[in-house]
Amino acid sequence: MSEKSSDRTDDTSQMREPEAEQLRSDSSSELDPVLTDTADQVPTTSHQMTSDQESSDSSLSIQSYEIEVTAIDEISESEYRRSRLPYINPGDVFCDDQNEYEVLKFLGRGGYATVWLSENKKTEEYSAIKITKLDRRYREAAEREKMVCYSNRLHQFQSMHFQYMQILQKNCQHKNIVKFLGGFGMKLDGVKHIALRFEALGPNLDQVLDPSIPKFHPNVIKTIIKQLLEALKYIHRKFIIHVNVKPSNIMIAISEKNIQDIAENSNPTVNNYYMDLTNADSKLNVKLGDFGLSVKILKGCESGHRSTCTYRAPESFLTTIIDFPIDLWSMGCVIHKIVTRKQLFTCAQLDDDEQKGKMHLVKIAKALGPIPAAPFQKHSRPEYKELFGDNDSFQEGNPDFHGNFVKAAADYLDADEANRFYNFMLQFLEYDPKKRITAARATEDDFLLPDEGETIHEEETIQRPETGPPVNSQSSSSPGPSNI
Ligand SMILES: Nc1ncnc2c1ncn2[C@@H]1O[C@H](COP(=O)(O)OP(=O)(O)OP(=O)(O)O)[C@@H](O)[C@H]1O
């Protein structure tokens with residue numbers, strides 16, 4: 001067991017929470033990311049069971065789902081080097097100036113960090129520690145994550161392109177947002193990293209939306225969507241754009257007991273998660289995390305910020321403007337995946353961003369119909385102008401997207417629900433960002449009203465391969481586009 005030193009940054013001052021909804025405007029303003037550490041304000045408990053979790057524990061519909069996870073030692077040395085992952089091993093101990101955290105298990109990795117289940121050696125509480133990769137720009141992403149949603153004081157972050165930033169918000173404290181528990185700096189092999197501590201959670205949505213995981217009750221589908229919209233409504237009211245809404249950044253809360261089982265599970269490649277996915281009255285709790293690309297703005301403004309291509313809004317390709325509706329487009333793509341388990345669009349694996357973007361827009365137009373030029377004229381990216389030529393829209397056929405959406409949902413929803421799903425989706429996939437639905441309005445949509453139906457029974461679930469491997473959550477297990 002090796003001991004790693006760390007240095008800690010602190011802040012305290014108070015900030016003002018803006019009242020939103022007057023958010024939208026055409027004129028530009030500064031992006032406003034925020035830098036601080038809220039370690040002093042957040043509870044020192046690394047994981048607190050929510051009332052939802054407690055009640056879901058006592059539900060009779062709790063089932064165990066076996067989910068395959070990547071074991072850290074399956075990652076080859078060359079991949080380690082290529083991905084610039086820091087060398088961390090179970091048993092390593094990190095410390096801030098008050099506590100020591102022992103690394104127990106690898107939980108996942110993303111674009112800029114690896115995430116580890118850890119235990120506070122004094123209090124025995126669990127948390128997920130996210131440690132940045134070996135690169136300055138990844139540290140910036142970590143600072144951004146800490147700042148934007150989880151900080152509470154005025155600070156200047158020199159390495160970003162913004163001249164100044166004001167913190168106008170309190171901490172993101174919402175039951176559908178991953179709880180931040182504190183952060184500290186550390187040195188690994190002489191390289192500085194930032195470690196962010198979060199409440200430890202269960203699988204991400206990508207892991208549970210694999211077709212081999214039994215069907216969710218329609219009410220569970222609606223609960224998940226509603227909770228995510230509540231999270232978006234909350235952050236948008238605080239002038240925060242998440243920018244990276246996607247299934248792997250959404251996690252399901254599990255009980256303290258489940259976390260303990262995972263910590264004690266000696267199988268590094270499979271975890272058992274106890275969840276309530278088939279019960280009409282499920283008390284499931286999902287949480288939006290990963291604020292590494294998030295920005296805080298007062299008005300729509302120019303930015304180079306781009307979300308993951310698959311979930312990226314048309315205006316993020318066609319213009320330099322970043323604004324709240326980009327999260328709603330991404331949310332539409334996520335909702336499609338939650339309901340149908342199919343990716344609405346897949347993105348080409350190309351290094352050339354421009355080419356990739358153009359191909360993606362072709363896919364969007366093929367699936368959803370002509371893309372009008374008018375909403376994207378202001379702050380347009382010149383390289384995309386050729387898509388429109390002299391026309392007032394960019395056309396790639398006339399898809400039957402009503403039929404396609406309803407068909408895609410048919411395995412999971414009855415005919416009426418599938419129709420409501422189509423109408424719901426249309427509002428997220430509105431090309432004109434100004435006409436796109438807001439998170440606040442979306443939470444009120446009829447589609448989200450709970451079903452009076454029964455709990456789904458075993459025979460109604462999707463057939464799971466009897467001898468096949470458990471769901472491989474870390475590989476790209478996406479069943480591919482839904483052909484719409
Ligand atoms: N609090 C948590 N509890 C349990 N697992 C977590 C937690 N946070 C993250 N994970 C797991 O680690 C994975 C990577 O985390 P995260 O998305 O925050 O990293 P990232 O580097 O910011 O990723 P991205 O590529 O989206 O930028 C998640 O998909 C999730 O499976």
Side-chain angles (χ1 to χ4, degrees), residues 42 45-48 50 53 67-72 75 83-86 88 101 103-119 125-135 137-146 148-150 172 176-183 193-210 242-256 258-260 262-263 271 273 275 285-294 305-312 330 334 347 471-478:
V42 296
T45 48
S46 58
H47 187 268
Q48 290 177 335
T50 64
Q53 285 170 267
I67 293 185
E68 193 172 299
V69 290
T70 301
I72 193 71
I75 301 173
S83 315
R84 307 186 68 75
L85 297 168
I88 294 160
Y101 307 98
V103 173
L104 302 176
K105 202 158 182 169
F106 177 63
L107 287 176
R109 65 172 159 154
Y112 82 86
T114 52
V115 184
W116 302 82
L117 180 62
S118 312
E119 187 179 19
E125 287 157 337
Y126 297 111
S127 59
I129 298 193
K130 182 168 176 174
I131 299 169
T132 53
K133 288 182 180 178
L134 301 154
D135 199 307
R137 68 204 152 98
Y138 300 127
R139 285 210 309 276
E140 289 183 3
E143 290 291 3
R144 179 186 298 279
E145 178 154 19
K146 193 167 59 163
V148 173
C149 203
Y150 301 111
C172 279
N176 302 118
I177 291 178
V178 179
K179 199 180 287 170
F180 178 61
L181 302 171
H193 294 270
I194 290 174
L196 304 177
R197 282 197 317 113
F198 298 96
E199 61 181 325
L201 297 164
N204 68 49
L205 276 194
D206 254 345
Q207 291 171 305
V208 295
L209 289 172
D210 187 278
H242 186 280
V243 186
N244 204 9
V245 176
K246 60 178 182 181
S248 62
N249 288 338
I250 297 160
M251 278 150 287
I252 296 181
I254 52 172
S255 66
E256 187 82 31
N258 198 167
I259 292 170
Q260 194 180 340
I262 288 165
N271 282 334
Y273 293 103
M275 294 176 293
N285 192 214
V286 294
K287 305 210 178 204
L288 177 64
D290 192 357
F291 285 78
L293 286 180
S294 300
H305 270 66
R306 301 274 191 102
S307 50
T308 305
C309 172
T310 311
Y311 300 92
R312 194 183 301 165
S330 306
V334 170
C347 213
V471 183
N472 184 346
S473 50
Q474 298 286 330
S475 65
S476 85
S477 56
S478 159

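Counting starts at 1 for both ligands and their atoms, in listed order. The figures here come from the full heavy-atom set of this structure, side chains too, leaving out hydrogens, waters and symmetry mates.
Side-chain contact between Val208 and Met275 is present, with at least one heavy-atom pair separated by less than 4.5 Å. A 4.5 Å side-chain heavy-atom check between Asn285 and Asn176 finds at least one atom pair inside the cut-off. A 4.5 Å side-chain heavy-atom check between Val103 and Ile129 finds every atom pair outside the cut-off. Two residues are said to be in side-chain contact when any heavy atoms from C-beta on lie closer than 4.5 Å; Phe198 and Lys179 fail this criterion.
The backbone of Glu199, and not its side chain, has at least one atom closer than 4.0 Å to an atom of ligand 1 (non-hydrogen atoms only; backbone = N, CA, C, O). Contacts between Arg109 and ligand 1 below 4.0 angstrom, taking non-hydrogen atoms only, involve the backbone exclusively. Contacts with ligand 1 closer than 4.0 Å are made by side-chain heavy atoms of Asn204 only, the backbone lying farther away. Under 4.0 Å from ligand 1, not a single heavy atom of Leu293 appears.
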### Query
Can Asp290 and Lys130 be said to form a salt bridge (Lys or Arg N to Asp or Glu O under 4.0 Å), step by step?
CA-CA 10 Å; Asp290 192 357; Lys130 182 168 176 174; 3.4 Å; yes
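Of all the atoms in ligand 1, the ones that sit under 4.0 Å from a non-hydrogen atom of Ser248 are 28 (C), 29 (O). Near Ala128, the atoms of ligand 1 lying under 4.0 angstrom from a non-hydrogen atom of the residue are 1 (N), 2 (C), 3 (N). Close contacts of ligand 1 with Lys246, meaning ligand atoms under 4.0 Å from a residue heavy atom, involve 25 (O), 26 (O). Atoms of ligand 1 found under 4.0 Å from any heavy atom of Asn244 (numbered from 1 in listed order, with element): 26 (O), 27 (O).
Taking only nitrogen or oxygen atoms, main chain and side chain alike, Leu201 reaches within less than 3.5 Å of ligand 1. Considering backbone and side-chain atoms alike, Met251 places every N or O at 3.5 Å or more from each N or O of ligand 1.
Proximity of Ala113 to ligand 1 is established by a heavy-atom distance of less than 4.0 Å.
Gln207 and Val69 make their closest contact through NE2-CG1, 3.8 Å (heavy atoms, listed as atom of the first residue, atom of the second, distance). When all heavy atoms of Ser330 and Val245 are compared, the closest pair comes out as CB-O, 3.5 Å. The two residues Trp116 and Leu107 make their nearest non-hydrogen contact at C-CD1, 3.9 Å.
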